[in-house]
There are 4 protein chains.
Amino acid sequence: MRTLTERTERRSQAERRDEAEQRLLAAAVRLVAERGLERTTLSEVGEAAGYSRGLPAHYFGGKSGLIVTLAAHLIGRFGRALERAERHGPGLKRLLGAAAFYFDSAAKDQTRTRALFVLLGEGLNNALVTDRLAELNARSAKTFETNLRAAIADGEVRADIDAESQAILILAALRGAVGQWLLAPKTIDLSALRDEFVASLSRSLAP
Amino acid sequence: MRTLTERTERRSQAERRDEAEQRLLAAAVRLVAERGLERTTLSEVGEAAGYSRGLPAHYFGGKSGLIVTLAAHLIGRFGRALERAERHGPGLKRLLGAAAFYFDSAAKDQTRTRALFVLLGEGLNNALVTDRLAELNARSAKTFETNLRAAIADGEVRADIDAESQAILILAALRGAVGQWLLAPKTIDLSALRDEFVASLSRSLAP
Amino acid sequence: MRTLTERTERRSQAERRDEAEQRLLAAAVRLVAERGLERTTLSEVGEAAGYSRGLPAHYFGGKSGLIVTLAAHLIGRFGRALERAERHGPGLKRLLGAAAFYFDSAAKDQTRTRALFVLLGEGLNNALVTDRLAELNARSAKTFETNLRAAIADGEVRADIDAESQAILILAALRGAVGQWLLAPKTIDLSALRDEFVASLSRSLAP
Amino acid sequence: MRTLTERTERRSQAERRDEAEQRLLAAAVRLVAERGLERTTLSEVGEAAGYSRGLPAHYFGGKSGLIVTLAAHLIGRFGRALERAERHGPGLKRLLGAAAFYFDSAAKDQTRTRALFVLLGEGLNNALVTDRLAELNARSAKTFETNLRAAIADGEVRADIDAESQAILILAALRGAVGQWLLAPKTIDLSALRDEFVASLSRSLAP
DNA sequence: AATGAATGAGACTTCATTCAT
DNA sequence: TATGAATGAAGTCTCATTCAT
């Protein structure tokens, strides 16, 4: 009994902390998506999460800490979502599926996507996140590249492409398309872009 | 004599004002590229341009005015540069040439490019520039679209593409590629991307 | 058996509490000597003592409590050390011995001395400690005065001095010397000051 | 006329700034004497001087800047006052006169004296002012030493003293006496201390 | 036209303090 | 008893903005 009680108490402290952190991050994602990084204040994050004005500073150490944590949170989440969505073995199908998934998840999860793009903008001038984002880019491109090479080996994709550049360009198109859509969501039809992109890519990669 | 003097003075005043404004804008471009919009202060712009701390506020009316003016300046300049670079009539060649030009001018003019991308990030959350940037996107895509349609009419490009989406995707790839390069200029070879992109695009558009 | 157990537990609780308090105070002395009162936080004291961030507040009731306890601790300790060091009966020898002891103990115990001087500075503006420190001064001077009067009665010291002022001035020289040394320990030779002071005092008090 | 106007204008800007700085410093001296450094806020200094809450930060760059400026101000002022008070050539008379002046100016200018002692306390833990204060000490002691050596050369003072240590001890007595007085002004008679000190010093230095 | 003095709002940050476990 | 989660107050600092010269 006593052991159980202690465990419960201990767990409950840790849980409390964990829940608070998750709520703060969720509030931060929303606010950053709406207003951008600089116009999101620590106080607002605390209050939007239902806590005090001071808690975000307490947890994340300050604004910098929040930004870094936020970047890790968004990047990690996106990576995990992509992995879960992979239903094919390495190759052309998985490549095209991942591209389509990128379009669809942007539409489905506009808030988080917008927050990630805000971070990408910040990355241009904020050393705290530059590396992390560059690494995200590199990792994403690398995944495309792996699939391209597998597809070439399988004869699904022509062998004379520069797989590395091609991978970067695929990621580029996805990013650029979503970026334009975020600036004018009412004007741009994301699913049309998805279909056209998949078709074009199939043609340009065809052996 | 008096009239002449007045004219001369007036012109010299106007010129001085113009030169000062240009210098202020140039300084702003540089600082924004280095630090981002929020971390660029009006005073710094004034001093970096060799004037007083107060002049930018005097000229641009305030920070918002500076941002708007800066956006117009960068967008206008880029558009004019593109026009100057067009050496072919509407069609596939001009399309591919414009794409290549986009890559090359980013590499050649990294500071201005970076400043423009900072503005694109800002556009996600700042109504002052959102419309202007969305319009830039729409205009750029429209230009690609026009060329695509001309090329289709000429039989250079297959007729079953969605010209509107295709145009957006072309712009997307350009933006996304330069965006990745700005985050990791040492890692990414922009001219390799240019060549691979032109080749891929040619294949995917081929009739 | 039961009573014994309770006593043992109670004693062990009390001991634990006492040991914790001593460790906290020792940590506080060190931190205050290094950083000053305001820059020493309760959390730091707890952690530096090997306990939790919250313990100092728990024990001392708050920052004020810590300051007051610290003052009592340092003052009491210094007084007891002086008593232990007294090897002569009241009179000139004990007076000169106490003066020399003051110099030596400052050199030997720089951390505690520094902490005490930090408190003396704080005493100028913090009513919590002003009286305690003024009383320390008064008591110290009184001790010198008692020895002076005994020495006058014994004929060791000239009778025309103002014993009260003289006592204050002796304490003043000790304090002022150590104060200068704490600001520039590498520049000032404390033992040279001790010898010169004892010699000067002997001459000025000589009948 | 025009030139005059310009001069007036220019001078008036500079004057405005200068006057503001002097008023801010005067307010800072008063507040620091009353509450200590940490409990004096920049806002209070601004308002006490009749300006805005933000002006001190604007002028001094921040709290650190204020502390440094304040130290320079007080140290410089005290030095100049001492020089003005010197009515004798180098030697014993000037030495004793300076000592007496030190007591008298503390009594006359209690606020500034208290502020200087607050800074001396701060100097123990704040690298920003440590050196400045150590230098003040060294300079003050050096002045006493110079007078001691002149007096020895003139035969007014015995030759077997350690002039350097003696000088430090004289400064020490002055500092220590004023320090005690500041902690208990009602209990301690500063002029009695002055007279007793001058008498004692004369005896201990007499050839 | 141009400078720079002065204001004041707002955000970050740091902690003492309180409270639940 | 002891921990550490959470609060909230207060101060520093940075700037956009306004205004006098």
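Values below: all heavy atoms of this structure, side chains included; hydrogens, waters and symmetry mates excluded. Every chain is numbered from 1 and lettered A, B, ... according to where its sequence line falls, protein lines coming before strand lines.
- B:Ser64 comes within 4.0 angstrom of no nucleic acid atom, judged by non-hydrogen atoms across all strands.
- Closest to the side chain of B:Thr41, from the set F:dC15, F:dT7, F:dG11, is F:dC15.
- Residue whose closest nucleotide on DNA chain E sits further toward the 5' end, between B:Gly50 and A:Glu44: B:Gly50.
- Residue contacts shown for D:Gly62 are limited to sugar-phosphate atoms, with no base heavy atom under 4.0 Å away.
- Regarding C:Glu21, its CD atom lies at a distance of 12 Å from the P atom of F:dT1, rounded to whole Å.
- If you find the closest nucleotide of DNA chain F to C:Ala20 and to B:Ser43, the one lying nearer the 5' end belongs to C:Ala20.
- Under the Watson-Crick and G-U wobble criteria, each requiring two contacts below 3.5 Å, nucleotide E:dA1 is left unpaired.
- Taking only side-chain atoms of D:Ser52, from C-beta outward, the nucleotide of F:dT3, E:dT7, F:dT12 with the closest atom is E:dT7.
- Nearer the 5' end of DNA chain F, as judged by each residue's closest nucleotide, is the contact made by C:His58, out of D:Gly61 and C:His58.
- In this entry the distance linking CZ of C:Arg39 with P of F:dT12 reads 13 Å, nearest Å.
- Figure legend. F:dG8 is base-paired to E:dC15; pairs are counted as Watson-Crick or G-U wobble with both atom distances under 3.5 Å.
- In this structure, of E:dC12, F:dT14, F:dT17, it is F:dT17 that holds the atom nearest to the side chain of B:Ala57.
- The line from CG of D:Asn125 to CZ of C:Phe117 is 12.5 Å long, rounded to the nearest 0.5 Å.
- Of the listed nucleotides (F:dT7, F:dT17, F:dT14), F:dT7 has the atom at the smallest distance from the side chain of A:Leu55.
- Among the heavy atoms of the strands lying under 4.0 Å from A:Arg17 are primed sugar atoms or P, OP1, OP2 only; no base atom is included.
- Between A:Lys63 atom NZ and F:dT14 atom P the separation is 16 Å, expressed in whole Å.
- Each of D:Gln22, D:Arg23, D:Arg17 was evaluated against D:Glu19; a single residue qualifies, D:Arg23, per the side chain to side chain donor-acceptor pair (under 3.5 Å) test.
- Here the side chain of B:Leu42 is nearest to one of F:dA2, F:dT12, F:dT17, namely F:dT17.
- Only one option out of C:Val32, C:Leu37, C:Val45, C:Leu24 pairs with C:Leu66 in a side chain to side chain contact (heavy atoms under 4.5 Å, CB included); it is C:Val45.
- We find that CZ of D:Arg35 is positioned 14 Å from C1' of F:dA10, with the value rounded to whole Å.
- Nearest nucleotide to the B:Tyr51 side chain, out of F:dT14, E:dT3, F:dT17: E:dT3.
- Summarising the geometry, the separation between CD on A:Glu19 and P on F:dA5 is reported as 14 Å, rounded to the nearest angstrom.
- Just one of C:Arg30, C:Arg35, C:Arg53 meets the salt bridge (Lys or Arg N to Asp or Glu O under 4.0 Å) condition when paired with C:Glu44; it is C:Arg35.
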>> Before you tell me yes or no, could you show the steps for C:Arg114 and C:Val29 under side-chain contact (heavy atoms from CB on, under 4.5 Å), namely the whole-Å CA-CA distance, both residues' side-chain angles and the distance that decides it to 0.1 Å?
In response: CA-CA 9 Å; C:Arg114 183 174 286 266; C:Val29 168; over 6 Å; no

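- Spacing between atom CZ of B:Arg53 and atom P of E:dG4 amounts to 9 Å, rounded to whole angstrom units.
- F:dA10 atom P lies 17 Å from atom CD of D:Glu38, rounded to whole Å.
- Residue C:Tyr59 is classed as a sugar-phosphate contact, given heavy-atom separations below 4.0 Å to backbone atoms only.
- Here B:Arg39 does not pair with B:Glu34 in a salt bridge; the nearest charged N to carboxylate O distance is not below 4.0 Å.
- Note: CG (A:Leu31) to P (E:dA11) measures 12 Å, nearest angstrom.
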